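First up is the structure itself, then whatever we jot down about it.
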Amino acid sequence: MDSFKNFIDGNWIASSSRETVSSINPANQAVVGTVQHSTQADVEQAVRAAKKAQVNWRSLSGPARGQFLYQVATIMESHLAEIAETMTQEMGKTLPEAKGETARGIALLRYYATEGMHKVGDVIPSTDSEALMFTTRVPLGVVGVITPWNFPVAIPIWKMAPALIYGNTVVIKPASEAAVTCAKVMECFAEAHLPAGVFNMVTGSGSVVGQGIVEHPDVNGITFTGSNEVGKRIGQTALARGAKYQLEMGGKNPVIVLDDADLDLAVRETISGGLRSTGQKCTATSRVIIQSGVYDAFKEKLLEKINEITVGNGLHENVWMGPCASESQFKTVLRYIELGKEEGATLLAGGGRYTEEGCEKGYFVKPTVFEYVTQEMTIAREEIFGPVLALMKVNSLKEALEVANDAEFGLSASIFTTNIGYMLSFIEQMDAGLVRVNAETAGVELQAPFGGMKQSSSHSREQGKAAIEFFTATKTVFVKG
Ligand SMILES: NC(=O)C1=CN([C@@H]2O[C@H](COP(=O)(O)OP(=O)(O)OC[C@H]3O[C@@H](n4cnc5c(N)ncnc54)[C@H](OP(=O)(O)O)[C@@H]3O)[C@@H](O)[C@H]2O)C=CC1
Ligand SMILES: O=C(O)CCC(=O)C(=O)O
């Protein structure tokens, strides 16, 4: 069992509360480890350290900051197996997925390490022929990083690595349900000997530690991924005190399967996009909108594959789908399944708790498929964040797009078709930040911008070159000799 203190000003420090909280394995309710149950005083200490460290960190060259990130990547590589195993134990994702995510974290570190060598501005012609006008970028200062439990390695890194490379210092508060995994990543940062105070981790509840960071006058920017409810509150608080904020929130992602689609591909990608990580991705496929000509054939193939899915402890080799990440998420998913039944959708597969041998004490849900789902039903409107697919029948691409766009979210969407005209109409008319053709809705590439439309985000983008927009401020410089 791992026990972690907070990491503040270069040291592992116990919370002033002297209390810890346990993190629970959702596959069997065993204790995975403990972290600090921190207080506002701990937040104060971390922000103070980050503010102090900012002066020297920002004055280092970009390549020098990049060297630190390369070092973290190398250290993390040597701990990959251990970090991945902790992730599986702590939030249930299968071990191959956890290893993939950890490898993605390492790749993100290396990507942003190279960013330290890239240009930060442009020379712009001035109307004054004797002047030099150009833009440069400066860090925000102290950045608060608030992360969810569904990607406990990749999301902290895709927020921290750009924050750090562009010269900010960081206070991170990981999700309580995956704080041990995140602390293991922070151990790699600590082993790389970044200067004291450059990154700080404070664990504890969202309402105390998270809110404490968001409200702190010395935190200049906040980057958040999680629920809409919390995200919106964070945005409002940040706006009220003039801090910059970035919110990545929910999705209700559709796939459209047209009459001319490769059905085997569409089935494979729908299952992967909808049910990997037990459907706990903001990019997960939730609504499956199928044209009438292939509806029955698609359904038959889908159900055949759904019935082959092996559910169980993600550490076991033959398991394809693990448990929900926590008791609360498990209850949420079961509640949505009941709502689907009550509101008149027809259950085709799954539909409740999975309790086969070895799974009795875990938060397992059967892979679930509903049909005759209408646009008004709750399961067609709200983010479920679980292994539940809603099938909807349409007659044309036009109708498919109307149904697909009838959602308050706009994160990711896919179409399966072999017709280039249909592909182009979808790319043009689908209201989503990520539009994907003949590919699943999930699966973000680290070098490309990531973010949503409508209620899915604060309209900024993360990752790739887009990250510089949030983590820096532009200065326009006018120089006359
Ligand atoms: N877009 C995405 O990728 C994600 C979406 N979700 C959606 O959100 C639902 C609920 O998941 P949940 O974990 O409760 O998500 P939350 O939004 O509650 O949690 C996300 C992060 O915010 C923190 N937090 C909670 N309250 C506050 C606050 N008042 N101020 C600042 N930070 C706070 C949490 O801390 P703590 O863990 O201590 O509560 C966690 O670190 C899911 O069912 C899913 O629909 C969830 C996770 C990721
Ligand atoms: O699809 C992915 O790989 C990323 C999903 C994601 O960012 C999220 O669920 O928060």
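Note that the coordinates shown come from a computational prediction; the quantities given were computed from them, not determined experimentally. In each ligand, atom 1 is the first atom listed, and ligand 1 is the first ligand listed.
Ligand 2 lies within reach of W158, whose nearest heavy atom is under 4.0 Å from it. Residue I155 places a heavy atom less than 4.0 Å from ligand 2. For G204, the heavy-atom gap to ligand 1 drops under 4.0 angstrom. Using a 4.0 Å heavy-atom cutoff, I146 is listed among the residues neighbouring ligand 1.
For ligand 1, the atoms closer than 4.0 angstrom to any heavy atom of C282 are 1 (N), 2 (C), 3 (O). Shown in contact with G206 at under 4.0 Å from a heavy atom are these atoms of ligand 1, numbered in order with element: 24 (N), 25 (C), 26 (N), 27 (C), 28 (C), 29 (N), 30 (N), 31 (C), 32 (N), 33 (C), 35 (O), 36 (P), 38 (O), 39 (O).
At a 3.5 angstrom cut-off on N or O pairs, S227 counts as close to ligand 1. Residue-to-ligand polar distances keep V214 apart from ligand 1: every N/O pair is separated by 3.5 Å or more. No N or O atom of F450 sits closer than 3.5 Å to an N or O atom of ligand 2. Between T225 and ligand 2, no pair of N/O atoms sits closer than 3.5 Å. Between T225 and ligand 1, a contact under 3.5 Å exists for no N or O pair. At under 3.5 Å, not a single nitrogen or oxygen of E177, backbone or side chain, sits near a nitrogen or oxygen of ligand 1.
Taking the six-membered ring for Trp and the full ring otherwise, the centers of Y112 and W158 sit at least 6.0 Å from each other.
Residue W149 holds the heavy atom nearest to atom 11 (O) of ligand 1 of all those in F151, F385, F224, W149. When the options V230, I384, T147, V21 are ranked by their closest heavy atom to atom 21 (C) of ligand 1, first place goes to T147. For atom 36 (P) of ligand 1, the candidate residues are P174, A179, S176; the nearest heavy-atom contact is made by S176.
Protein heavy atoms are absent from the space less than 4.0 angstrom from atom 14 (O) of ligand 1.
Contacts between R104 and ligand 2, counted as non-hydrogen atom pairs separated by less than 4.0 Å, involve the side chain only.
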